[in-house]
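All values derive from a computational prediction rather than experimental measurement.
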Amino acid sequence: MTSMLTHTIRNLPASSAWAVRVFARSLSCSSQLQAPAVQPKSKKTLAKSGVKNIVVVEGVRIPFLQSGTSYADLMPHDLARAALQGLLNRTSVPRDVVDYIVYGTVIQEVKTSNVAREAALGAGFSDKTPAHTVTMACISSNQAMTTGIGLIAAGQCDVVVAGGVELMSDVPIRHSRKMRKTLLTLNRAKTLGQKLALISKIRPNYFAPELPAVAEFSTSETMGHSADRLAAAFAISRVEQDEYALRSHTLAKKAQDEGLLLDVVPFKVPGKDTVTKDNGIRPSSLEQMSKLKPAFVKPYGTVTAANSSFLTDGASAMLLMSEEKALALGYKPKAYLRDFVYVSQDPKDQLLLGPTYATPKVLEKAGLTMADIDVFEFHEAFAGQILANMKAMDSDWFAQNYMGRKSKVGAPPLEKFNTWGGSLSLGHPFGATGCRLAITAAHRLKKEGGQYGLIAACAAGGQGHAMLVELYPQ
């Protein structure tokens, strides 16, 4: 597929090329730093007859930090607990009002496999409050949110806390399979002779550990390698990727300096100082970025550490309610969570194209078009992944040959896209990013005077998610 895809897209007519539709608007940071004019809009509501209105009351996250920094000595449930406590402090919601807690995570700590339950107990929730953990790669907290939506829509709950957590500073490193098998057998040995016989069979290569890798089980390919191939297939240059990454960092720094990242709550790290802001936002220069060597496909790849999201520690939490319950408790919701979809495609050549497949489907469910969307918040795993999705979304050929559609959905306009930064700059704790996307969309809608937001993300396994967020009437 890749060779055919590369050949065809590189030979698209100039009138439909990515450079004309998107880069003509310029990826230079100067034009993107202009805040969109606030234009209050009045559109139809996306409410559906017979379907409960489900609202976001509040969403928070502890600062997202580069792995190996201030959270390095903690455990995942410590971060999730801090996010839950931040949510409780901000909303003053009584703990006994919460019916259910759902958390997403990707790399599980074996001691706290149901991290949602451990975090909830640590945050002071009743032991009578059920909690469970979901995993769906980079859309794990998306799955937590939509699980909460389902519980409320079905009438099983009125109040759900959904969130996500990831701690890349301390991931499980296993013994080799031979060593694990030997140790388990040794544990069952009854006599000293049996134990000594087993120990005598241990060889030096048994001690080689199995290191974790962000790789696809089905293809054995790392996500970075896949991103490099995807960028090549869609003819995305190194310069374009670096320009987009610089845009993300510059916009995130501006949003941070202006106090727009309202979801961030401070976290007093035990034995250390209080952390108040994300530490991965580092605007550089194209000249400095160009000096970095390829990180995955060497020596000719285009994906580098500068245009990739970094390993991140962090946690998020959102308070979801039925609209009726929120109003009864005296809350003014921030937004409605509306239609959502999940998609899956080829995990080898289309691993990171989830937003391309999910976006038109969620728009069609709601009867909307790209032009109706005021705010876009897409997960940025790699700059090349974002740009490839935009090019695919803006290609009639791709829509017709790979998506079974008559025409393209169109690329999101950059002036509406991730204007407060994204995962490349803010960080990407695998299990926590989805909640950040949703609450950022709600905050941007209020700030910018919009009504509809669209969040989308890709995930390992060739999966993806998209959801519509509607501003609550002000």
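Considering all non-hydrogen atoms of both residues, Ser248 and Leu424 come closest at OG-CB, 3.7 Å. Closest of all the heavy-atom pairs between Pro283 and His249 is CG-O, 3.6 Å. Taking each heavy atom of Glu415 and Thr419 in turn, the nearest pair found is O-CG2, 3.5 Å. Pairing each heavy atom of Ala432 with each of Ala315, the nearest pair is CB-CA, 4.0 Å. Minimum heavy-atom separation, Ile54 to Ile149: CD1-O, 3.3 Å. Heavy atoms only, all atoms of each residue included: Ser316 and Tyr103 are closest at O-OH, 2.8 Å.
Within a 6.0 Å sphere centred on NZ of Lys268, other residues, nucleotides and ligands contribute more than 12 heavy atoms. Heavy atoms from other residues, nucleotides or ligands lying under 6.0 Å from NZ of Lys52 number more than 12. Atom CD of Glu210 has more than 12 neighbouring heavy atoms from other residues, nucleotides or ligands inside a 6.0 Å radius. Within 6.0 Å of the NZ atom in Lys48, the count of heavy atoms belonging to other residues, nucleotides or ligands exceeds 12.
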Working note: Thr302 + Ile236, criterion side chain to side chain contact (heavy atoms under 4.5 Å, CB included); need CA distance, chi angles, decisive distance, verdict. CA-CA 9 Å; Thr302 58; Ile236 308 297; over 6 Å; no

Verdict with reasoning, Asp96 to Lys128, per salt bridge (charged side-chain N to carboxylate O under 4.0 Å, His left out): CA-CA 9 Å; Asp96 58 2; Lys128 302 295 190 289; over 6 Å; no

Hey, mind stepping through Leu79 and Ile62 against side chain to side chain contact (heavy atoms under 4.5 Å, CB included) and telling me if it holds? CA-CA 8 Å; Leu79 306 190; Ile62 60 173; 3.8 Å; yes

Start with the C-alpha gap between Asp170 and Asp313, add the side-chain angles, then the distance that decides, and say whether side chain to side chain contact (heavy atoms under 4.5 Å, CB included) holds. CA-CA 10 Å; Asp170 183 27; Asp313 301 334; over 6 Å; no

What's the verdict on side-chain hydrogen bond (donor to acceptor under 3.5 Å, both in side chains) for Glu216 and Ser226, showing C-alpha distance, side-chain angles and the deciding distance? CA-CA 10 Å; Glu216 285 296 301; Ser226 180; over 6 Å; no

Under the criterion side chain to side chain contact (heavy atoms under 4.5 Å, CB included), I'd like the reasoning laid out for Glu118 against Met75: C-alpha separation, chi angles, the key distance, then a yes or no. CA-CA 11 Å; Glu118 304 305 331; Met75 292 180 65; over 6 Å; no

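Formation of a donor-acceptor pair under 3.5 Å by the Ser169 side chain with backbone atoms of Gly68 is found in this model. Looking only at distances, no side-chain donor or acceptor of Thr433 sits under 3.5 Å from a matching main-chain atom of Phe430. The backbone N or O of Asp158 sits less than 3.5 Å from a side-chain atom of Asp99, completing a donor-acceptor pair. Panel note: side chain Thr133, backbone Ala116; a donor-acceptor pair is recorded below 3.5 Å. With Lys334 contributing its side chain and Ala442 its backbone, the two residues share no donor-acceptor pair below 3.5 Å. Panel note: side chain Glu448, backbone Lys446; no donor-acceptor pair is recorded below 3.5 Å. The backbone N or O of Gln143 sits less than 3.5 Å from a side-chain atom of Tyr342, completing a donor-acceptor pair. Although no hydrogens or angles enter the test, the distance criterion places a donor-acceptor pair under 3.5 Å between the side chain of Thr312 and the main chain of Phe310. Gln451 contributes no side-chain N or O that, together with a main-chain N or O of Glu470, makes up a donor-acceptor pair within less than 3.5 Å. When atom types are taken as modelled, the side chain of Ser140 and the backbone of Thr135 share no donor-acceptor pair closer than 3.5 angstrom.
Taking the six-membered ring for Trp and thresholds of 30 and 60 degrees, His428 and His379 have ring planes inclined between 30 and 60 degrees apart. Classification of the Phe267-Tyr71 ring pair by plane angle, with boundaries at 30° and 60°, yields tilted.
Once rounded to the nearest 0.5 Å, the distance linking CZ of Phe340 with NZ of Lys365 reads 6.5 Å. Taking CD of Gln400 as the start and OG of Ser407 as the end, the distance is 7.5 Å to the nearest 0.5 Å. Atom OG1 of Thr304 and atom CG of Asn307 lie 3.5 Å apart (nearest 0.5 Å). Atom OG1 of Thr147 sits about 10.5 Å away from atom CG of Asn142, to the nearest 0.5 Å. Taken from CG in Leu320 to SG in Cys157, the straight-line distance is 10.5 Å, to the nearest 0.5 Å. Between Ile281 atom CD1 and Asp257 atom CG the span is 8.5 Å, to the nearest 0.5 Å.
Taking 4.5 Å as the limit, every side-chain heavy atom of Val57 sits out of range of all side-chain heavy atoms of Leu329. Two residues are said to be in side-chain contact when any heavy atoms from C-beta on lie closer than 4.5 Å; Arg95 and Thr129 fail this criterion. Side-chain atoms of Glu323 and Tyr472, non-hydrogen and from C-beta on, do get closer than 4.5 Å to each other. Contact of the Val55 side chain with the Tyr331 side chain is not registered, since no non-hydrogen atoms from C-beta on lie closer than 4.5 Å. By the 4.5 Å heavy-atom criterion applied to side chains, Leu363 and Leu454 are counted as neighbours. Here the side chains of Val303 and Val297 are not in contact, with every heavy-atom distance at 4.5 Å or above. Leu261 is listed as a side-chain neighbour of Arg61, based on a closest heavy-atom distance under 4.5 Å. In this structure, Met136 and His465 have side chains that are not in contact, with every pair of non-hydrogen atoms separated by 4.5 Å or more.
In this structure, a donor-acceptor pair under 3.5 Å is absent between the side chains of Tyr402 and Gln345. Checking Ser423 against Arg436 by side-chain atom types alone, a donor-acceptor pair falls below 3.5 Å. In this structure, a donor-acceptor pair under 3.5 Å is absent between the side chains of Glu58 and Thr91. Residues Thr45 and Tyr336 bring no donor and acceptor atom of their side chains to less than 3.5 Å of each other.
Classification of Glu364 and Arg405 as a salt-bridged pair holds, one side-chain N sitting under 4.0 Å from a carboxylate O. Residues Asp372 and Lys44 are not paired through a salt bridge, judged by the lack of any N-O separation under 4.0 Å between the basic side chain and the carboxylate. Salt-bridge annotation for Asp78 and Arg81: present, with a side-chain N of the basic residue lying under 4.0 Å from a carboxylate O of the acidic one. We find that Asp374 and Lys43 are joined by a salt bridge, their nearest charged nitrogen and carboxylate oxygen being less than 4.0 Å apart.
Here Lys332 pairs with nothing under the side-chain hydrogen bond (donor to acceptor under 3.5 Å, both in side chains) rule; sequence neighbours left out.
Test Val469, Val375, Leu260 against Arg444 for side chain to side chain contact (heavy atoms under 4.5 Å, CB included) and you get one pass: Val375.
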